[in-house]
> 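Pasting a structure here, questions to come.
Owing to the predicted nature of the structure, the values given are computational and were not obtained by experimental measurement.
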Amino acid sequence: MSTTHVRRSAALAAAAFALPIALGVAAPAFAASQQADPYGPACASLPSEGSGSLAGMAQDPVATAASNNPALSTLATAVKKAGLVDTLNNAKGITVFAPTDEAFAKIPKADLDKILADKAELTKLLTYHVVGEKITPSQLGDGSFKTLEGGTLTTTGSGEEFTVNGKARIVCGDVQTSNGTVNIIDTVLTPM
């Protein structure tokens, strides 16, 4: 065996070993670059910079991200009252269907006050809005997902138009946080 042949064999072996490692390192960056941008008419109304912006929300866990978003202040208050901040912030790979302030405003004030005052009922309501897995837009067309509350929510639609449980529209979907995905919706969901 010649010295050139040995060197060539060693170089090929090194390349064969290094290629899978390089691909493994590049894969997450490639996957992140293939990720869809948030979509929906309400995305334009989010702050363009700062902690409540899309870039700011991506840096924080889901409950913190929601509390920094001005359109989700009622939800953030409800999450605190239910004692769910740490639960949501420490969960991994969750999807939250987050009702806007306008969604909560559709509930008569007396009814909303009653829900906010009952920790058990509030916890049940809020955990119905959380799915313990990452849901991508491609799964929303005809989806059925188990919630942390134990019930099931369904999604239908296509393109950038999706409805949850036949009544709540996703108005800004696929918003990334450091530990999950947020789909902002225009109606509060009721556990089924």
> Just list the side-chain donor-acceptor pairs under 3.5 Å for residues 114-121, sequence neighbours left out, or say none.
{"residue": "Asp118", "atom": "OD1", "partner": "Ala120", "partner atom": "N", "Å": "3.2"}
{"residue": "Asp118", "atom": "OD1", "partner": "Glu121", "partner atom": "N", "Å": "3.2"}

> Indicate the atoms forming the closest heavy-atom contact of Ala71 with Asn69, along with that distance.
N-OD1, 2.9 Å
> Lys134 and Thr181: side-chain donor and acceptor closer than 3.5 Å?
yes
> If you measure from CG on Leu189 to NE2 on His129, what distance do you get to the nearest 0.5 Å?
3.5 Å
> By side-chain contact (heavy atoms from CB on, under 4.5 Å), which residues pair with Ala82, not counting sequence neighbours?
Leu84, Leu122, Thr123, Leu126
> Kindly determine whether Ile170 and Ile184 satisfy side chain to side chain contact (heavy atoms under 4.5 Å, CB included), including the steps that lead there.
CA-CA 6 Å; Ile170 295 177; Ile184 300 173; over 6 Å; no
> When rounded to the nearest 0.5 angstrom, what distance separates OG1 in Thr74 from CG in Asp101?
3.5 Å
> Taking all heavy atoms of Gly141 and all of Phe162, pick out the closest pair and write down the distance.
N-CE2, 3.7 Å
> What are the two closest heavy atoms between Val182 and Ala98, and how far apart are they?
CG1-CB, 3.7 Å
> Can you check whether Pro61's main-chain N or O pairs, donor with acceptor, with Asn179's side chain at less than 3.5 Å?
no
> Could you give me the CA-CA distance, side-chain angles and deciding distance for Thr190 and Lys167, then say whether side chain to side chain contact (heavy atoms under 4.5 Å, CB included) is met?
CA-CA 10 Å; Thr190 306; Lys167 61 182 178 180; 3.9 Å; yes
> Pairing donors with acceptors under 3.5 angstrom, does anything connect the side chains of Asp60 and Ser178?
no
> Counting distance only, does the side-chain N/O of Tyr39 pair as donor-acceptor with the main-chain N or O of Val171 below 3.5 Å?
no
> Roughly how far, to the nearest 0.5 Å, is the OG1 atom of Thr155 from the CZ atom of Phe145?
4.5 Å
> Val188 and Leu88: same hydrophobic cluster, using ILVMFWY side-chain contacts below 4.5 Å?
yes
> Between the side chain of Thr187 and the main-chain N/O of Ala168, is any donor-acceptor distance below 3.5 Å?
no
> State, to 0.1 Å, how close Ala63 and Val79 come at their nearest heavy-atom pair, and which atoms those are.
CB-CG1, 4.4 Å
> Measuring from atom CG of Leu75 to atom CZ of Phe97, what distance do you get when rounded to the nearest 0.5 angstrom?
13.5 Å
> Flag yes if Ile135 and Val175 sit in one hydrophobic cluster, no otherwise; membership is Ile, Leu, Val, Met, Phe, Trp, Tyr, and two members link when side-chain heavy atoms are under 4.5 Å apart.
no
> To check you understand the geometry: which heavy-atom pair defines the closest contact between Asn89 and Val62, and what is its length?
OD1-N, 3.7 Å
> Write out all pairs satisfying salt bridge (Lys or Arg N to Asp or Glu O under 4.0 Å) with one or both partners inside residues 104-113, taking only residues at least two apart or from two chains.
Lys109-Asp113
> Under the side chain to side chain donor-acceptor pair (under 3.5 Å) rule, collect the residues that match up with Thr147, sequence neighbours excluded.
none
> Given the rule that I, L, V, M, F, W and Y join up when any side-chain heavy atoms are under 4.5 Å apart, are Val96 and Leu153 in one cluster?
no
> So, does Asn68 use its side chain to make a donor-acceptor pair with the main chain of Met57 at under 3.5 Å?
no
> Rounded at 0.5 Å granularity, tell me how far CD1 in Ile94 sits from CD in Glu133.
11.5 Å
> Mind checking the OG1-CG spacing from Thr154 to Asn165? Nearest 0.5 Å is all I need.
4.5 Å
> Any sub-3.5 Å donor-acceptor pair from Ser53's side-chain atoms to Gly56's backbone N or O?
yes
> Apply side-chain contact (heavy atoms from CB on, under 4.5 Å) to Ser48 and list each qualifying residue two or more places apart in sequence or on a separate chain.
none
> Please lay out, stage by stage, how Val131 and Leu148 fare under the test side chain to side chain contact (heavy atoms under 4.5 Å, CB included).
CA-CA 6 Å; Val131 174; Leu148 295 188; over 6 Å; no
> Take atom CD in Glu161; do more than 12 heavy atoms of anything else shown fall under 6.0 Å from it?
no
> Ala66 and Leu72: which non-hydrogen atoms are nearest, and at how many Å?
O-CB, 3.6 Å
> Could you tell me which residues satisfy salt bridge (Lys or Arg N to Asp or Glu O under 4.0 Å) with Asp186, sequence neighbours excluded, listed by chain and number?
Arg169
> Cut-off 3.5 Å, side chains only: do Asn183 and Asp174 have a donor facing an acceptor?
no
